[in-house]
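Predicted, not measured: the structure shown is a model, and the values here were computed from it. In what follows, chains are A, B, ... by sequence order, proteins preceding strands, each numbered from 1.
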There are 2 protein chains.
Amino acid sequence: MDRADVATGRQPRSGPPTAAQARVVAAALDLFARHGVGGTSLGMIARSLGVTKAAVFHQYKTKDDIILAAAEAELGHLEAVVDAADAEPTRDRARAVLITGIVDLAVERRGTVSVILSDPVIVGFFVDHQQFRRLMHRLSRLLSDDTGPEAHVPTAMFFAAISGAVMHPLVADLDDETLRSQLLLLTRRLFAAPG
Amino acid sequence: MDRADVATGRQPRSGPPTAAQARVVAAALDLFARHGVGGTSLGMIARSLGVTKAAVFHQYKTKDDIILAAAEAELGHLEAVVDAADAEPTRDRARAVLITGIVDLAVERRGTVSVILSDPVIVGFFVDHQQFRRLMHRLSRLLSDDTGPEAHVPTAMFFAAISGAVMHPLVADLDDETLRSQLLLLTRRLFAAPG
DNA sequence: GTCTATAGTGCGATAGAC
DNA sequence: GTCTATCGCACTATAGAC
């Protein structure tokens, strides 16, 4: 899979990831969150799995492939929430499902989703990534009634607020339940008035 | 300056940065924002300044020193805004100054403040950084009337929302003015009810 | 304040055995 | 699917001349 495929959204991936591939991606996500994508080496991933670099390279040909697989794995979680929201009969219920779903996701994977989706390297991958763009526009359509370009601001803000807040040092001492309920309360306030 | 000094907030720095140091920090911030801290090498910083790596090392002994100087430079901008807010006579006016100040800062330095303050490496520096912790608690006190641990959630969310939203791909095409007014509108909604 | 030159380490990636 | 071994390169950092 080369860069052109990424940009066009073509998916030459060979079906679902193998067990070994899933382990590589899981280890990579954890390290990306702690050291950033650029600060994570294949040696670190290999060491955390108890194998050698060559074994990691056997699963993914290049480091970019690992980054992409990790980013798309996180995107998959998000997509599942948006799918569930889209299946709701009314817009209000869709929004409720979307908001609680994303808050749950962020709290559950506190410090992982967040950092990964805001890492400059991954953002760079996503800028021309069709699956990502489609997902973000679906999110915008669910959250805002506007159609102009400024309709995306609430979505960007909502997304950044949730994923950024859960990993903020200020709330590091807070338990998951308190964090979750506070986030829900504040988010609903954001979208209380007609968006 | 060693790690212990960072943790205790002691400042053995030799006064204000020289012109050459300021140029290094500015170049570093730009590159950190584009490639992440871990993805930025001293060679990249040197090349972007048109000098050699040794010249960069002459200004700062280690890469960590550069990271810290860059992080504290960004922190300085934030501190100036909080200082201005604290000087206001009433809490409502203080909040207004704080919110517009931070929104202005984020839009002005779109894509720089944001990435820098959320980079895992810099967050790691800040966790035990006294100046950062004091600043964040001042921010919390201004934004929330609560005193419990959950009082920090709105602050974390506000901070993450602003700094994260300005660099989100969804709003990449938006002009600064539209982005600024939208952010202000939405932020005021967040803090409309008694916090 | 900048340079050249260099040391030592770790990087991404490959080849080929088991 | 994992290993050992290796390549060429870039990295952080230092020493000493200008």
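Between F159(A) and H168(B), the ring planes lie perpendicular to each other; the angle is over 60°, past the 30° to 60° tilted range. The aromatic rings of H137(B) and H152(B) lie perpendicular to each other, with more than 60° between the two planes, well past the 30° mark.
No side-chain heavy atom of H35(A) sits less than 4.5 Å from a side-chain heavy atom of V121(B).
Taking atom NZ of K61(A) as the reference point, atom P of dA15(C) lies 12 Å away to the nearest angstrom. Y60(B) places its OH atom 16 Å from the P atom of dT12(D), with the value rounded to the nearest Å. We find that CG of L42(B) is positioned 12 Å from C1' of dA10(D), with the value rounded to whole Å. Following rounding to the nearest Å, L31(A) (CG) and dG12(C) (P) show an atom-to-atom distance of 12 Å. Rounded to a whole Å, the NZ atom of K63(B) is 15 Å from the P atom of dT14(D). dG1(C) atom P lies 13 Å from atom CG of L49(B), rounded to whole Å. The CZ-C1' distance, from F57(A) to dT4(D), rounds to 16 Å in whole Å. If you take CD1 of I45(A) and C1' of dA13(C), they are 14 Å apart, rounded to a whole angstrom.
A close approach under 4.0 Å does not occur between any side-chain nitrogen or oxygen of S41(A) and OP1 or OP2 of dG10(C). In this structure, Q21(B) does not reach the dG1(C) phosphate: none of its side-chain N or O atoms is under 4.0 Å from OP1 or OP2. In this model, the phosphate group of dA10(D) is not approached by any side-chain N or O of R47(B) to a distance below 4.0 Å at OP1 or OP2.
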Tabulate protein N/O versus nucleotide N/O from nucleotides 3-9 of chain C, keeping only pairs under 3.5 Å, one per line.
{"residue": "dC3(C)", "atom": "OP2", "partner": "T52(B)", "partner atom": "N", "Å": "2.6"}
{"residue": "dC3(C)", "atom": "OP2", "partner": "T52(B)", "partner atom": "OG1", "Å": "3.0"}

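The hydrophobic side chain of L185(A) is isolated, with no ILVMFWY side chain under 4.5 Å apart from it.
Remark: the backbone N or O of L190(B) is paired with a side-chain donor or acceptor of R189(A) at under 3.5 angstrom.
Taken to the nearest 0.5 Å, the CD1 atom of I162(A) stands 3.5 Å off from the OG1 atom of T187(A).
The pair R95(A)-D145(A) meets the salt-bridge criterion, with a side-chain N (NZ, NE, NH1 or NH2) lying under 4.0 Å from an Asp/Glu carboxylate O.
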